[in-house]
Amino acid sequence: MARKPLDYDQLNENVKKVQYAVRGELYLRASELQKEGKKIIFTNVGNPHALGQKPLTFPRQVVALCQAPFLLDDPNVGLLFPADAIARAKHYLSLAPGGLGAYSDSRGIPGIRKEVADFIQRRDGYPSDPELIYLTDGASKGVMQMLNAIIRNERDGILVPVPQYPLYSAAISLFGGSLVPYYLEEEANWGLDFVSIRQTVAEARSKGITVRAMVIINPGNPTGQCLSEANIKELLQFCYHENLALLADEVYQQNIYQDERPFISARKVLFDMGPPLSREVQLVSFHTVSKGFWGECGQRGGYFEMTNLPPKTVDEIYKVASIALSPNVPGQIFMGVMVNPPKPGDISYLKFAAESKSILESMRRRARMMTDGFNSCRNVVCNFTEGAMYSFPQIRLPPRAIEAAKRAGKVPDVFYCLKLLEATGISTVPGSGFGQKEGVFHLRTTILPAEEDFPAIMSSFKKFNDSFMEQYESYSRM
């Protein structure tokens, strides 16, 4: 019988190469256990609302009115919605004449792109051109659009930090390119080591790979570090000298839990450095409504901004964006409100500011509780989560545990995380899903469970971990 086009062995090989650990084996097992009635704490993905974070009131009010514009004609609308939310909804509806049910421009609504440009100018101190800003269905879609444009064949390499968010390895596989991993230095708080990175590039080139772009994730996912201004300067000089485009994943820029290293955008540092770098380094920056204190993951609002890309290239990216016709319009409105939130003096300002502050301060406390909790455990060491929304502790597995994992046909940290899941219901992601140095093992967990649940979660983890270590270390002593 003839093989059919969608039979497994007839599929695009690039599709089969894709791995995505955040929703991989651990997640599937956790979903099975949940169906069996076990309580599961899903800390595998940065999904704040799923773990109980309440939505911010003002953006939901604005989008509710945009979704149901007939409410604006109701004489009682002012009893349910504040005047500034009503005014903002009317503003966005005026920018989208067909309402939320109509396609927008493939790049996103021009008026909202202007709001994003104004936000970038306020943040960085340099003007931004709305024509070089594209709104997307979350930052992930923008990352995929840019990687698709950069990768020409399997000999094109993309420098990606390891540990890395697996969107990058998955998308590079899908588009048929080569991932060139550069290792972050755990002992230096996940910093960049340019001696090692230069060596990595030289090795890739010696194998015939053309290294074309470099990815940074700042603040880091899964590692939680914030890059210093000095580190970003060195990074931009490196990209300039090596002729690399820089893809700056800055989706966690609002998630900062220490005061020593505030977020500073790659774009600001680039323009501060002046010519020739500020005119020549090609930079694409990404942001989203999914992270920060908003956590609106399901709304799929994002943008990317292009710096120093030639007009013909921008035209080609527009053409490809047009295939999808339009980014989703509610997500665009969420982005508009995020970059242009209520201001002091607005009716909704005090409530918005209080809600935002409460979420961020709680996340700061949870980052500390989680880091301290992991560091109190046997054979576990964890750098402080300076930013983003994850902890990435190193688990020092005893030799007998590694042997037991091999007998079970599992990667050692997958073995550990499965045992943790079965014993406690805590669903994490093994470090091997993000990449790590040979013989070193980690897991990633979000800091997003409800603050009141943290003592019980960390106690449950400690009890499991100490029992696991006792079991496999006692074997070692026999």
Side-chain angles (χ1 to χ4, degrees), residues 21-54 163 221-224 252 255 257-258 291 293 295 297 358-397 401 413-431 433-434 441-471:
V22 171
R23 297 217 173 162
E25 180 181 0
L26 262 291
Y27 174 76
L28 296 172
R29 179 63 185 138
S31 300
E32 282 174 14
L33 289 170
Q34 189 179 45
K35 284 175 192 165
E36 292 166 13
K38 187 172 178 73
K39 186 188 175 190
I40 302 297
I41 303 159
F42 284 99
T43 69
N44 61 301
V45 64
N47 194 11
H49 293 185
L51 288 166
Q53 182 176 307
K54 296 283 187 289
N221 174 12
T223 44
Y252 297 101
N255 301 92
Y257 311 124
Q258 38 70 44
K291 309 304 175 186
F293 48 85
C297 300
S358 169
I359 293 167
L360 273 175
E361 287 184 348
S362 173
M363 289 172 95
R364 186 180 273 233
R365 290 191 297 269
R366 284 178 275 170
R368 175 54 67 193
M369 279 192 277
M370 187 161 265
T371 308
D372 290 348
F374 282 135
N375 284 322
S376 74
C377 294
R378 190 163 157 183
N379 292 348
V380 180
V381 288
C382 187
N383 283 323
F384 176 60
T385 300
E386 297 181 337
M389 46 180 67
Y390 311 99
S391 275
F392 197 64
Q394 184 184 141
I395 314 294
R396 293 177 172 163
L397 295 173
D413 51 13
V414 174
F415 177 79
Y416 177 91
C417 290
L418 280 168
K419 295 274 189 194
L420 170 67
L421 173 64
E422 302 278 352
T424 66
I426 301 170
S427 175
T428 59
V429 188
F434 301 93
F441 305 105
H442 298 83
L443 63 80
R444 188 193 80 167
T445 174
T446 70
I447 61 166
L448 296 173
E451 188 174 342
E452 61 269 22
D453 295 339
F454 253 70
I457 290 169
M458 296 316 294
S459 169
S460 176
F461 177 86
K462 184 178 174 65
K463 184 180 171 189
F464 159 78
N465 178 77
D466 291 354
S467 163
F468 180 96
M469 295 301 169
E470 182 64 37
Q471 178 185 352

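All residue numbers in this chain count up from 1 along the given sequence. Note that the structure is a prediction, hence the values are computed from the model and not measured.
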Heavy atoms, side chains only, cut-off 4.5 Å: are [X] and [Y] in contact?
X      : Y      : result
Leu397 : Phe468 : yes
Phe42  : Gln34  : yes
Ile426 : Ile457 : yes

### Exercise: do Ser391 and Thr385 side chains pair donor with acceptor under 3.5 Å
yes
Taking all heavy atoms of [X] and all of [Y], pick out the closest pair and write down the distance.
X      : Y      : result
Lys291 : Cys297 : NZ-SG, 4.1 Å
Asp413 : Pro430 : OD1-CB, 3.7 Å
Phe454 : Pro449 : CE1-O, 3.3 Å
Ala388 : Tyr257 : O-OH, 2.5 Å

### Message
Checking Asp453 now: which residues fulfil salt bridge (Lys or Arg N to Asp or Glu O under 4.0 Å) with it, not counting sequence neighbours?
### Response
none
### Task
Let me see the working for Arg444 and Asn221 under side-chain contact (heavy atoms from CB on, under 4.5 Å), right down to the final yes or no.
CA-CA 9 Å; Arg444 188 193 80 167; Asn221 174 12; 2.8 Å; yes
### For Glu32, side-chain contact (heavy atoms from CB on, under 4.5 Å) partners two or more places apart
Arg29
### For Glu386, all residues meeting side-chain contact (heavy atoms from CB on, under 4.5 Å), sequence neighbours excluded
Asn189, Gln225, Cys226, Gln258, Arg261, Phe384
### Query
For the residue pair Phe392 and His442, does the interplanar ring angle fall in the parallel (under 30°), tilted (30 to 60°) or perpendicular (over 60°) class?
parallel
### Task
Compute the centroid of each ring, for Tyr252 and then for Tyr390, and state whether the two points are separated by less than 6.0 Å.
yes
### Query
Counting heavy atoms not belonging to Lys54, are there more than 12 under 6.0 Å from its NZ?
no
